[in-house]
Amino acid sequence: MSDDIQLKTTLHSDSTTSTEFNSKSIKSKIFRLDILFILTTILVIILMFEFKFLNIFSRSSLSSVISFISSNFWPPNTSEVVQQNIRYAMLETIKMSLIGTYFGTLMSLPLSVLAARNLMPNYVSTPFRILLAGIRTVPSLIWALIFVVLFGLGPRSGTLALAIYTMGYLGKFQYETFEGLSTEAFEALKAHGASRLQTIRFIVFPESANQLISQVIFMFEYNVRAGSIIGFVGAGGIGFLLSFYISYFQFSALVTALLYLLITVIIIDYLGGKIRETFQDENFDKLEL
Amino acid sequence: MATVDHSNNYIFLHDIHAGYKGIKILNNINLNIKKGSITAIIGPSGAGKTTLFKIILGLLRPSNGKITIDGVSPTVFNKKHGKIGYIPQNLGLIKNLTVKSNILLGALGRTSNIASLLNLFSIEDHEMCEEILNSLEIKSKENQKITSLSGGQKKRVAIARAFMNKPDLLIADEFLSELDDLNIKKVMNLVKNKAKETNMTVILVEHDIGTALKYTDQIVLVKDGEIKGVFESNQVEPSILDEVFYNE
């Protein structure tokens, strides 16, 4: 009996020590974070002085900004011609994104299988990982510029840029998904005499299907947004129109185009989310956090 | 302590050593398993049971020693005969495929790459799958996805997939865990009947000594990477196993 009491006391004192230890270490971490935040703030203020940020908030600057916006941007130009041009360009961006996502996905799938460390030996996966990383290093805008130089102005170059960029990004998403698959199914099928190709066909693709579909939808949403940027270098779509309106100071038409873009992105985000929900894990909603 | 007769060896392991990243997992393993027998490998967690399994399956190579199944190495046995049925600890079923598709995967070893890429299995394989679905009482679930099944039903699908390979050797890693007594009885009767019917050799990893004694012919006790004893199930007293299991 006395032994029991002694044991409980020891356990109790141990847990107290560990709680004290934890609270001390948390406090010291918070203290270090405080210092880091203060030092970063000082550095940012110094850099802002260097860029003369405070001038923005001077009375003359602010009033000129307000008068410029109120006289040039509002009300938006809603004439039928402007709206027709915007609708055409917006549709072109969506078409570019669709084709770019489609071909990007088709190209990324074999590459991601070759880049996955659990499916291929290191001497095969490493070069393909480097290739995909190289493609991702170049922003979509630069890809668009390269294709405009090679194939001329227009949506064709923009679509190619989106396809290549999609391949680099989706490839990474996909090989990371493949590498996260449980090894047991592989072992079971391998023991049953399945070849590598058969394990890819019957384990890799079905087991990652939901995530792959979700990633493709995400990439399509991303490409619609990216498609509006790459137009600035002449690669077609709504971006081309935005750059035109800016160059010719047609700011009221620019606002209309931006409103169209905003509504389109919201609709695509909503629809994408709805489609993704249908491919989510059945047990996802049952999870208790 | 009764010892097992070592004649008529089907699986033969001699002086097997294995390790991973410099850590020794198995040490001097010597074991003989007879054709058509049901063997349970029991031992505490981390004893090296799964490593021993993977060596028999040909998924891992021992650092030293010799292993043969039916006179050839596990890799040759698997490639030549393709008749191993394996049920991993977490079953290794494909969640997004239906019950029937999962079972048909057991026939991949005898299906060409092109045919399997197009999901074309032979008529014989489809018929055999129907037969197995009926015998394991999961015919009504054939078009359902794995995620909608209960624990016991999932185990039956994993057994069906293994049976689909027409196995000479069935290896199951702790597949009776999480099942109640009634389901253990159902599942083990299926395995025992199949073993008797086809002279199939069965090796199970089992935690529970009582279950192992009830359903197997011999028990191999593994602890700290070594075999501490091989016993015939119908002749050994549970207290002797307990003694070796806990006090060695």
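Letters go in sequence order (proteins before strands), and every chain restarts at 1. Values below: all heavy atoms of this structure, side chains included; hydrogens, waters and symmetry mates excluded.
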Is [X] in contact with chain A via its backbone, its side chain, both, or neither, using a 4.5 Å heavy-atom distance?
X: B:Leu105; value: both
X: B:Asp173; value: neither
X: B:Ile94; value: both
X: B:Ala158; value: neither
X: B:Leu93; value: backbone
X: B:Leu57; value: side chain
X: B:Ile171; value: neither

*So which of B:Asn102, B:Asn113, B:Asn119 has the largest heavy-atom pair count under 4.5 angstrom toward chain A?*
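Ranked by heavy-atom pairs under 4.5 Å with chain A, first place is B:Asn113.
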
*Apply the side-chain hydrogen bond (donor to acceptor under 3.5 Å, both in side chains) test between A:Asn223 and each candidate in A:Thr166, A:Thr93, A:Thr159; give the one that qualifies.*
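That would be A:Thr166; it is the only one of A:Thr166, A:Thr93, A:Thr159 passing the side-chain hydrogen bond (donor to acceptor under 3.5 Å, both in side chains) with A:Asn223.
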
When you check the gap from the basic side-chain N to the acidic O, do [X] and [Y] get nearer than 4.0 Å?
X: B:Asp217; Y: B:Lys34; answer: no
X: A:Glu179; Y: A:Arg129; answer: yes
X: A:Arg225; Y: A:Asp269; answer: yes

*A:Ile203 versus chain B, heavy atoms under 4.5 Å apart: side chain, backbone, both or neither?*
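For A:Ile203, the contact with chain B is made by backbone and side chain together.
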
_Applying the side-chain contact (heavy atoms from CB on, under 4.5 Å) criterion to B:Ile16, which one of B:Ile29, B:Leu31, B:Ile56 satisfies it?_
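Testing each of B:Ile29, B:Leu31, B:Ile56 against B:Ile16, the sole residue satisfying side-chain contact (heavy atoms from CB on, under 4.5 Å) is B:Ile29.
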
_Stepwise salt bridge (charged side-chain N to carboxylate O under 4.0 Å, His left out) check, A:Lys95 with A:Glu92_ = CA-CA 5 Å; A:Lys95 285 178 195 167; A:Glu92 192 172 73; over 6 Å; no

*Just wondering, are more than 12 heavy atoms of other shown residues or ligands nearer than 6.0 Å to NE2 in B:His126?*
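Yes, enclosed.
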
